[in-house]
Amino acid sequence: MEWFRCACCPPNLARLLASLGQYFYSVGERTVYVHLYGQNTADIDLEGASVRLEQQTSYPWDEKVRLAVQVAQPTRFTLALRVPGWCRAARLHLNGEAIALTPDRGYQMIDREWHAGDVVTLTLPMPVERVITHPKVRQNAGRVALQRGPVVYCLEEADNGPDLAQVVLPREAALTATFDPNLFGGVTVITGEATRPAPEDWPGGLYQPQATQTIAASPFTFKAIPYCFWANRAPGKCACGYASAEKSPGRFAKGAFCSFRQGEEIMSRPKLSRRDFLKLAGASAASAAMGPTLAARAMALPARQEPIEISFMGWGGVAEDEGVRAAIEVFEAEQSEVKVKWLHTPDNYNEKLLSNVAAGTPPDTAFISQSNFRTLLHDGLTMDITDYVVNDPLLSQENYFIEPQETERSTDDNGRWHGIGSTWTALHTYYSIALFERAGIEPPDFTADKLWDWDTFVEAARQLTVDENGRHPGEEGFDPENVATWGVYMDTSWWMTYEAPAKFNGGKLSDQGLLTLDEPAALEGIQAWADLIHVHHVMPEAVYLEGLGMSATQMIETERLAMVIDGSWTLADVTGMFGLFGTCPVPLMSEDGLDPGQGHLHSILRDSEKAEASWKWLHFLATPFYQEHFCKLGLWIPNQHALLTEEAMDGWLTDGVHPANYREFVSEYVPQFMSPTIVPAGFPRAEAIFKPALERVMIGDARAEDVIPPAIEEANAILLEEYINA
């Protein structure tokens, strides 16, 4: 952080961040107090009993906090949950059963014998509220502020223009909270209608008789952002308090709003994103809470004077950051020869990785996106690790990885290994349990004899699609322009989902370095998905969701959508909501149909001078310990058979995170029906050529067989010239 002229701020901030983890929990008299909420895992010694608490939440952006309790044996203690004073309608569930809230001095006590896997869900509703101060605070007389949950909002000139001091917020104005994924890495904003005086109506001079002058109120749509994110875009003022409609538009109390002129010193501070904000709450707590246990393990081992330090670069939000840090602590505790320096790079990862390589300072090891793996391999930037893999007594075992999928994605055209997959993720269908039950539809399951064929899927989507008058597609009078509930949705805007409609029908994205979306099976699959929109009228276009400002899972929650096809990682976003959501397989359109799979790889960079030490780290990352952490959160599914045994699945399948049929998904469906999406070298160049053609098909402007083949031919010409024949 840059140094401020006011020297007290930086050390106070550093002191806060360094000690933040200590504020999350405290222990006393067989009671564990939970003071703060944020994504973290804490190991707590409760009078000799080991208790692990796993918080899963996007608080303060999301109202749900899920706490999973893990104990080695049944243990009686009191869990005291803080109920924030701002929340007046909190709800509490224990293992799905509602608990009456009776807070004692701000804490809800749950005294019971706890068992491994017990789950507490605390819901803290976050309506947008107008907040006023005591009438005797004269500086704020007649003014209101906006608050959602624990977060206070402000107006910035960057969104709302100048003269923020004169903004009037009518009492009856509707206030809407929406998630903006493009602002600060993703944050909830508040919008509504407000007014301010039109300065052009003022005839001039400092004073005018009130009886002779009328100032028009000029309406505008405002955007309010969380106050903690102000001063991250352009120089300007912000305001936290706004005049209420009862005040005259021409009079504003001096000092009744918070206004800050941004100067060069303030603008030099690092920009704060949503991911950074959550990381302050989650990662610090996890490192503080888990640290003593892991450190104790490290102290038990003899220390080496000069261990080799290697660097490990990767992206990820709070969960990934915490998981890597925890893995490093365990790795360093179990051996003393190698230390790992974690280069967490949550934004613009690929650009920064390539910049480091170009500058001659590459990391020793790194996350490699499956979309860039073969491009980096072609450019010679990854190390051939084949000898390490085939000579490793553990990883070389015939049934260690799920095969042939792992070899397909991790090796070059000659079968040489240049990385090891971190995990698998695949697509599946999330569906509304309530809508399926009302329609009398039995969802498919992840076993081979219970999959839906295409016709069954389309018919189910038709029954689940209803217009405002209660009619279904195909019925007389059905109005596709006024649909109340859509049957299905799948985003087809990125590389894994480019392939999805093709792979469902037996096609694929590429083969031997060239794109194959122009082959008959791929074209038929892509057109079939476009027909869901324009022929069957059971799927909305992407712009429909964008216009609503809702995610697909939010649309299911509000019953605007019955099914969404999304990645297995979405489990982490719907944790604790399986009374609303169910999961089932994607619709496979032919006997050759498969489900796209992907997951980043771990590789050693070509210029690393510490190959042996780097391999020790890669080997550790390919063992169940590292992967199991993320599987428990719902982010990953295993790529190792060791995690697919009944005993192993009992260890990481988590109530409230994984639905009841997930055991079949990972152990039966994934090995049989999941196939990796192979992204060819040079894909970014090719994508720019064929993506517009694919988009034309999905908006109904052209048919797949007419526009995709010439686009693929043009894209493949570049791949041949610049990558295959180069």
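These figures come from a predicted structure and were not determined experimentally.
The shortest heavy-atom contact between Y626 and G323 is CE1-O, 4.2 Å. The two atoms that bring A366 and P363 nearest to each other are CB-CG, 4.1 Å, heavy atoms only. When every heavy atom of T386 is checked against every heavy atom of D384, the shortest pair comes out as OG1-OD1, 2.6 Å. Of all non-hydrogen atoms in L694 and I526, the two that sit nearest each other are CD1-CG2, 3.6 Å. Closest approach of T623 and H619 over heavy atoms only: CG2-O, 3.3 Å. The two residues A327 and F620 have their closest heavy-atom pair at O-CE2, 3.5 Å.
E406 is linked by a salt bridge (charged side-chain N to carboxylate O under 4.0 Å, His left out) to R409, counting only residues two or more places apart in sequence or in another chain. Applying the side chain to side chain donor-acceptor pair (under 3.5 Å) criterion to S667, with sequence neighbours excluded, gives no partner residue. Under the side chain to side chain donor-acceptor pair (under 3.5 Å) criterion, Q512 pairs with no residue, sequence neighbours left out. Residues passing the side chain to side chain donor-acceptor pair (under 3.5 Å) test with W342 are D321, sequence neighbours excluded. Considering only residues two or more places apart in sequence or on other chains, H378 meets the ring pair (Phe, Tyr, Trp, His ring centres under 6.0 Å) condition with Y723. Legend: residues meeting salt bridge (charged side-chain N to carboxylate O under 4.0 Å, His left out) with D595, ordered by chain and number and at least two apart, are absent. Partners of E722 under the salt bridge (charged side-chain N to carboxylate O under 4.0 Å, His left out) rule, at least two apart in sequence or in another chain, are R685. Contacts of D491 classified as side-chain contact (heavy atoms from CB on, under 4.5 Å), with partners at least two apart in sequence or in another chain: Y489, S493, W494. Residues forming a side chain to side chain donor-acceptor pair (under 3.5 Å) with Q397 (at least two apart in sequence, or on another chain): none. Residues meeting the salt bridge (charged side-chain N to carboxylate O under 4.0 Å, His left out) test with D392, sequence neighbours left out: none.
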Problem set entry | Evaluation steps, ring-ring contact (aromatic ring centres under 6.0 Å, His included), between F457 and W454 | CA-CA 5 Å; F457 166 73; W454 183 250; 5.2 Å; yes
For this session: Before giving the answer on side chain to side chain contact (heavy atoms under 4.5 Å, CB included), spell out for R416 and T411 the whole-Å C-alpha distance, their side-chain angles and the decisive distance to 0.1 Å.
Result: CA-CA 5 Å; R416 306 292 295 180; T411 62; 5.8 Å; no
Exercise. Can Y349 and H600 be said to form a ring-ring contact (aromatic ring centres under 6.0 Å, His included), step by step?
Worked result: CA-CA 13 Å; Y349 177 79; H600 69 271; 9.0 Å; no
Problem set entry | CA sep, side-chain torsions, deciding dist, call: F581, T570, side chain to side chain contact (heavy atoms under 4.5 Å, CB included) | CA-CA 11 Å; F581 292 87; T570 303; over 6 Å; no
Exercise. Stepwise, does the ring-ring contact (aromatic ring centres under 6.0 Å, His included) test hold for H602 with W617?
Worked result: CA-CA 10 Å; H602 297 139; W617 173 237; 7.9 Å; no
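For residues 383-429, the ring pair (Phe, Tyr, Trp, His ring centres under 6.0 Å) pairs, not counting sequence neighbours, are Y388-W615, H428-Y430, H428-Y662, H428-F665.
Counting only distance, with no hydrogens or angles, the side chain of Q370 and the backbone of G599 share a donor-acceptor pair below 3.5 Å. For N372 (side chain) and N350 (main-chain N/O), no donor-acceptor pair under 3.5 Å exists by modelled atom type. Of the possible polar contacts, none joining the S355 side chain to the L353 backbone as a donor-acceptor pair under 3.5 Å is found. Side chain of S603 to backbone of L605: no donor-acceptor contact under 3.5 angstrom is found. Listed for the D592 side chain is no donor-acceptor partner under 3.5 Å among the backbone atoms of S590. The backbone N or O of T57 lies less than 3.5 Å from a partner atom in the side chain of Q39, making a donor-acceptor pair. In this structure, E337 contributes its side chain and A613 its backbone to no donor-acceptor pair below 3.5 Å. Side-chain atoms of Q405 come within 3.5 Å of backbone atoms of M674 as a donor-acceptor pair (strictly under, hydrogens ignored). Proximity of a side-chain donor or acceptor of T516 to a complementary backbone N or O of K508 within less than 3.5 Å is detected. At least one donor-acceptor pair under 3.5 Å links the side chain of Q335 to the backbone N or O of F331.
Contact of the H115 side chain with the P74 side chain is registered, since non-hydrogen atoms from C-beta on lie closer than 4.5 Å. Annotation: side chain of P680 is in contact with side chain of L515 (closest heavy-atom distance under 4.5 Å). The shortest side-chain heavy-atom distance between F690 and E687 falls under the 4.5 Å cut-off. Counting heavy atoms from C-beta on, the side chains of F367 and V324 come closer than 4.5 Å. Taking the side chain as every heavy atom from C-beta outward, L523 and P709 approach each other to under 4.5 Å. The shortest distance between side-chain heavy atoms of L720 and L514 falls below 4.5 Å. Counting heavy atoms from C-beta outward, V69 and L53 have side chains that approach closer than 4.5 Å.
Heavy atoms from other residues, nucleotides or ligands lying under 6.0 Å from CD of E609 number 12 at most. Summarising the local packing, NZ of K450 is surrounded by 12 or fewer heavy atoms from other residues, nucleotides or ligands at distances under 6.0 Å.
Taken from CG in L635 to CH2 in W569, the straight-line distance is 10.5 Å, to the nearest 0.5 Å. With values rounded to the nearest 0.5 angstrom, L354 atom CG is found 7.0 Å from L381 atom CG. Taken to the nearest 0.5 Å, the OG1 atom of T492 stands 13.5 Å off from the CD atom of E499. Within the model, atoms NZ of K503 and CZ of F673 stand 14.0 Å from one another, a figure rounded to the nearest 0.5 Å. In this structure, the separation between OG1 on T423 and CG on L621 is 12.5 Å, given to the nearest 0.5 Å. Distance check, rounded to the nearest 0.5 Å: OG1 of T345 to CG of N356 gives 7.5 Å.
Side-chain contact check for N661 and T583: at least one donor-acceptor pair (N or O, by modelled atom type) lies under 3.5 Å. In the model, R66 has a side-chain atom that pairs as donor or acceptor with a side-chain atom of Q56 under 3.5 Å. Using modelled atom types and a 3.5 Å distance limit, the side chains of D453 and T456 yield a donor-acceptor pair.
Screening D412, I368, I678, V679 for a side chain to side chain contact (heavy atoms under 4.5 Å, CB included) with F373, the sole residue that qualifies is I368.
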Give every donor-acceptor pair under 3.5 Å between a side-chain atom in residues 307-319 and any protein atom, sequence neighbours left out.
| from | atom 1 | to | atom 2 | distance (Å) |
| --- | --- | --- | --- | --- |
| S311 | OG | D364 | N | 2.9 |
| S311 | OG | D364 | OD2 | 3.2 |

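Using a 4.0 Å cut-off between a side-chain N of Lys or Arg and a carboxylate O of Asp or Glu, R663 and E646 qualify as a salt bridge.
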